[in-house]
There are 2 protein chains.
Amino acid sequence: MTPSAPVPRMTRQRREILDALDTRDFRSAQAWHERLRSEGSTVGLATVYRGLQSLAEQGEVDAVVAESGETLYRRCEAGDEHHHHLRCRICGRAVEIDVPEFEAFAHRIASEHDYGDIRHTIELTGICPQCRAASER
Amino acid sequence: MTPSAPVPRMTRQRREILDALDTRDFRSAQAWHERLRSEGSTVGLATVYRGLQSLAEQGEVDAVVAESGETLYRRCEAGDEHHHHLRCRICGRAVEIDVPEFEAFAHRIASEHDYGDIRHTIELTGICPQCRAASER
DNA sequence: GTCTTATTGCTAATGATTCTCAATTGCAGT
DNA sequence: ACTGCAATTGAGAATCATTAGCAATAAGAC
């Protein structure tokens, strides 16, 4: 029925992207691209965008939309399903948190209003200790 | 100290924007602009952007960043401080909800990680009953 | 009414992301 | 290892939302 998505292939560049995704920080596709180039890779920007997108679909990376509208990516913790983040608005450093209470709450609210196919996003942002110290002087 | 922001003036176009913001739906700046034009207004797109932005700063309108990256605006309920939404991913229709438990939770998590100047966003999206019905046939 | 300056409306400029398409290259089968 | 072919890549053009630049207007104070 479904047009059946093409079979993914493991290419050099896809491997490189995966390898680059090591830190715990959220970065934009452009930032990851720069990092790759600076490390000698020759991947194209478009490829990085495509790669990150498909990885996000497979659940390999987390994607969040910053207030500026740009999408930030980061490799996900192991295979855990669902979680949220406390992210630094300045350096991007993020901590994974989970809000078990909320999962239930979301569904209650949703069914109260008769909304279906619920999805939720919780974004907690702040200034991390390091950046705070830096900006205070 | 602060460069003291200019004194805002009530212009025809600002009034029109305020007037247009009547429905309970989230719409993009472009969408609000179209609506205004279709109702005979001659406001420019940039003016709508500027107007919505300043209104958002004053807390007169809510602004949320959709997954697509575009910013959606809607007039706020009276002057209540802080709240969240359950928004339909198809038609944009939204319900204001509040999550008192969460406000406290957010601060606890934040201080646990020593993050300052906390800000949070909770976005609940789903498909509203009307759109669900529509897409089911 | 006059003046000062915030505001408007174009339009051009940005910035991020996506698309186009020819050139590559996994990889299944032989 | 060799072929065939669809998936993938890379570079640049194309989109899209949003912002900046600037001359022309028009609030609001006097």
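Per chain, numbering begins at 1; letters A, B, ... match sequence-line order. Because the structure is a prediction, the values reported are computed rather than measured. All heavy atoms count here, side chains included; hydrogens, waters and symmetry mates do not.
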Report task. State, without any angle test, whether B:Glu16 and B:Ser41 hold a side-chain donor-acceptor pair at a distance under 3.5 Å. Result -> yes
Query raised in the report: Which residues, if any, of residues 46-55 of chain B bring a heavy atom under 4.0 Å of DNA chain D?
Result: B:Ala46, B:Tyr49, B:Arg50, B:Gln53
Report summary line: Contacts of B:Leu45 and B:Met10 projected onto DNA chain D by closest heavy atom; the upstream (5') one is B:Leu45
Report task. Please figure out whether B:Thr11 or B:Tyr73 has its closest DNA chain D nucleotide nearer the 5' end. Result -> B:Tyr73
Report task. Starting from the first five and the last five pairs of the helix from C:dG1-D:dC30 to C:dT30-D:dA1, work out the angle between the resulting helix axes, to 10 degrees. Result -> 50°
Requested in this report: Would you indicate what A:Thr42 reaches in the nucleic acid, counting non-hydrogen atoms under 4.0 angstrom: base, sugar-phosphate, or nothing?
Outcome: sugar-phosphate
Query raised in the report: Atom CD of A:Gln30 to atom P of D:dA11: distance rounded to whole Å?
Result: 15 Å
Query - Nucleotide C:dT7, atom C1' - distance to CZ of B:Arg15 in whole Å - result: 13 Å
Report task. Starting at atom CD of A:Glu16, determine the distance to atom C1' of D:dG10, rounded to an integer number of angstrom. Result -> 13 Å
Requested in this report: Would you kindly give the CD-to-C1' distance between A:Glu70 and D:dC16, to the nearest whole Å?
Outcome: 15 Å
Query raised in the report: So which nucleotide from C:dT25, C:dT8, D:dG28 ends up closest to the side chain of A:Arg9?
Result: C:dT25
Query raised in the report: Is A:Gln13 near enough to C:dT24 that one of its side-chain N or O atoms lies under 4.0 angstrom from OP1 or OP2?
Result: no
Query raised in the report: How would you label the contact of A:Thr71 with the nucleic acid (heavy atoms, under 4.0 Å): base, sugar-phosphate, or nothing?
Result: sugar-phosphate
Requested in this report: Anything under 30° is parallel, anything over 60° is perpendicular, the rest tilted; go ahead and classify B:His85 against B:Phe26.
Outcome: perpendicular
Requested in this report: Rounded to the nearest angstrom, tell me the gap between atom NE2 in A:His33 and atom P in C:dG15.
Outcome: 17 Å
Query raised in the report: Under 4.5 Å between any side-chain heavy atoms of A:Leu55 and A:Leu21, yes or no?
Result: yes
